[in-house]
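Note that these values count all heavy atoms, side chains included, but never hydrogens, waters or copies made by symmetry. Note that ligands are numbered from 1 as they come in the structure, with each ligand's atoms numbered from 1 the same way.
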Amino acid sequence: MSGKPWGGRFSGKTDKIVEAFTSSIDTDKRLYSQDIAGSIAHCRMLSKAAIITTKEAALMIKGLLKIKKDIESGKFKYSDSLEDIHMHIEARLAEDIGRVALKLHTARSRNDQIALDVRMYLREETLSIIKELAALRRVIVDLAEKHIGTIMPGYTHLQKAQPVLFAHHLMAYYEMFSRDAGRMRDCLGRINVMPLGSAALAGTTYPVDRAFTAELLGFPEVSANSMDSVASRDFIIEFIASASICMVHLSRISEELVIWSSNEFGFIGLPDAFATGSSIMPQKKNPDVPEIVRGKSGRVFGDLISMLSIMKSLPLAYNRDMQEDKRAMFDAVDTLKACIEIYIKMLPEIKIKKDAMLRASSKGFLNATDFADYLVTKGMPFRDAHSCAGKAVAFALGKGKELHELSLAEMKSFSPLFSEDVFKILTPESMINRRKSFGGTATKNVLAAIRKANRDIDREVKM
Ligand code: ARG
């Protein structure tokens, strides 16, 4: 006998190096509370189905609750020889309450047990991420509202394009994070399915009541195929894929904060509490928080690739390779949450340099499109107007002027259609407020988007 719960068919002992190598306790001990809740529900179901007596169930439940307390107060001892959290709890239960504990694993396998634990864990974390995303979205909306009067250059190719409201730029991120929350809600539906009762792979000969277990654990659905239940982790892949997309968005806003806080841009100032200095260059104030968020995005993408690669060639049903899923899952959850949380704290503290943003919006020919559009309103076909405006830009560049700094006479040399009213439309305010198309940057639109966002968040938070 090897002394293991599975030791019956073994006559030799497991090598220590193999115990250490196959053990997952350092990682999966995080699942203790899900494991215990699952075992308690399993006990209740076994007794309801008269597979064990109510007295046996009561003894086991009491023992399990005591173990939970011991784990939480740091009294519980872990050891590689017990492999994983399931075996630790089961072995300890036997120590505490005696032979009756040996019935806990009736009609169950660690294969459906771990699938259950992971689903319960991820369900909780996904819900918490959805809540955190709501808080982040609120912070963004509040910032947009507070700075509704701030104008900045909008960019394409990181070249100045057209002026936009800073609030409009922020609200673009609101949209991205709202979709991220939607993706999280979507995968929650597929996470929230109860696998217990699938046993090792084929189901069980005991008269289990899986719907009852699901009800006890708050699952709206029971998994339909026992092999799929123990062999599939696409719900984790899907979660990490959603987390990765959210990290892309966090990484992009981080990149912008890094650029905006540079001396060359000078659009924002990072709060001292969220920046660090250099050990050699006394003048430095570095945007470490956004940089680290940007870096951590790579880490979450790595978790996604890990998961995909772990699963990709596995034959049905359970394979031990799948034990490696938890590192990737925990890391993606922890990393995403940490990044969202720090953004919730940092964003409201950022100093917005309104004047610098406006100055940058008034230089660099951001009004060239409007210059051309003006000619179109006077009857010129757009392509001709575009070419005419292009020539005017080249001319102004030669004079070291902006388009709005040309005289009316100079403008007229490009087209007789120009008259005094052109100057009104070349200001950043006018350019912004004439972009009233749905979804455009006009102040009225952005205010409406902010109001809708607040309503949507209010409704979600109440749900
Ligand atoms: N620690 C294992 C895991 O995380 C639990 C399931 C083990 N099942 C088995 N037959 N060895 O995947």
Side-chain angles (χ1 to χ4, degrees), residues 2-10 12-15 17-39 41-42 64 67 71 76 78-93 102 104-125 191 193-204 213 223 226-237 239-240 303 306-334:
S2 72
K4 308 275 186 208
W6 39 256
R9 62 102 63 215
F10 286 73
K13 275 192 156 206
T14 320
D15 195 315
I17 194 177
V18 174
E19 280 188 347
F21 187 74
T22 55
S23 166
S24 58
I25 188 62
D26 280 347
T27 310
D28 61 28
K29 63 179 164 201
R30 281 181 70 169
L31 296 172
Y32 79 90
S33 75
Q34 291 80 8
D35 200 70
I36 289 173
S39 287
H42 185 60
L64 287 163
I67 293 173
I71 292 176
F76 194 86
Y78 298 97
S79 135
D80 275 348
S81 66
L82 285 169
E83 274 187 49
D84 54 28
I85 188 66
H86 324 302
M87 303 271 241
H88 272 79
I89 292 172
E90 204 184 313
R92 174 61 190 280
L93 190 65
L102 306 183
L104 175 63
H105 214 50
T106 314
R108 185 173 80 170
S109 153
R110 276 187 294 161
N111 298 349
D112 56 346
Q113 190 177 356
I114 187 64
L116 175 70
D117 292 3
V118 165
R119 283 177 182 275
M120 286 174 67
Y121 163 82
L122 203 53
R123 166 174 82 174
E124 230 171 85
E125 293 297 351
I191 293 168
V193 177
M194 209 291 296
L196 207 65
S198 303
L201 77 162
T204 171
T213 311
S223 62
S226 61
M227 297 185 78
D228 174 49
S229 312
V230 293
S232 296
R233 295 291 185 267
D234 50 272
F235 64 96
I236 301 181
I237 297 175
F239 168 83
I240 306 181
D303 294 329
S306 294
M307 261 328 281
L308 290 167
S309 318
I310 289 165
M311 296 307 296
K312 113 178 154 45
S313 297
L314 296 185
L316 297 189
Y318 178 83
N319 300 270
R320 192 66 180 271
D321 316 43
M322 289 159 70
Q323 177 166 293
E324 294 295 321
D325 62 356
K326 279 166 283 306
R327 259 175 210 285
M329 175 182 71
F330 287 142
D331 189 64
V333 167
D334 294 343

For ligand 1, note which part of Glu83 has a heavy atom under 4.0 Å away: side chain, backbone, both or neither. neither
Is there at least one pair of N or O atoms, one from His86 and one from ligand 1, spaced under 3.5 Å apart? no
Mind checking what makes ring-ring contact (aromatic ring centres under 6.0 Å, His included) contact with His86, not counting sequence neighbours? none
Is it true that a side-chain atom of Asn111 and a backbone atom of Ala200 form a donor plus acceptor pair closer than 3.5 Å? yes
Exercise answer: donor-acceptor pairs, residues 325-332 side-chain atoms, under 3.5 Å, sequence neighbours excluded:
residue: Asp325; atom: OD2; partner: Arg233; partner atom: NE; Å: 2.9
residue: Arg327; atom: NH2; partner: Thr27; partner atom: OG1; Å: 3.4
residue: Asp331; atom: OD1; partner: Arg299; partner atom: NE; Å: 3.1
residue: Asp331; atom: OD1; partner: Arg299; partner atom: NH2; Å: 2.2
residue: Asp331; atom: OD2; partner: Arg299; partner atom: NE; Å: 3.1

Heavy atom of the protein closest to atom 3 (C) of ligand 1 (residue, atom name, distance): Tyr318 OH, 3.2 Å
Check: Asp112/Ser198 side-chain N/O donor and acceptor closer than 3.5 Å: no
Could you tell me the residue and atom name of the protein heavy atom closest to atom 11 (N) of ligand 1, and the distance to it rounded to 0.1 Å? Arg110 NH2, 3.5 Å
Using a strict 4.0 Å cut-off to heavy atoms of Ser24, name the atoms of ligand 1 that fall inside it. 1 (N)
Among all protein heavy atoms, pick the one closest to atom 5 (C) of ligand 1 and tell me residue, atom and distance. Asp84 OD2, 3.6 Å
Salt-bridge contact Glu83-Arg320 (side-chain N to carboxylate O under 4.0 Å): yes
Answer yes or no for Lys326: is there a heavy-atom contact with ligand 1 below 4.0 Å? yes
Would you please test Leu116 and Gln113 for side-chain contact (heavy atoms from CB on, under 4.5 Å) and show each step? CA-CA 5 Å; Leu116 175 70; Gln113 190 177 356; 5.8 Å; no
Which residue and non-hydrogen atom of the protein lie closest to atom 1 (N) of ligand 1, and at what distance in Å? Gln323 OE1, 2.9 Å
Residue selection (non-hydrogen contact nearest atom 9 (C) of ligand 1) among Asp28, Asn111, Ile114, Asp325: Asn111
When Tyr32 is tested against each of Ile71, Asp117, Ile67 for side-chain contact (heavy atoms from CB on, under 4.5 Å), which residue passes? Ile71
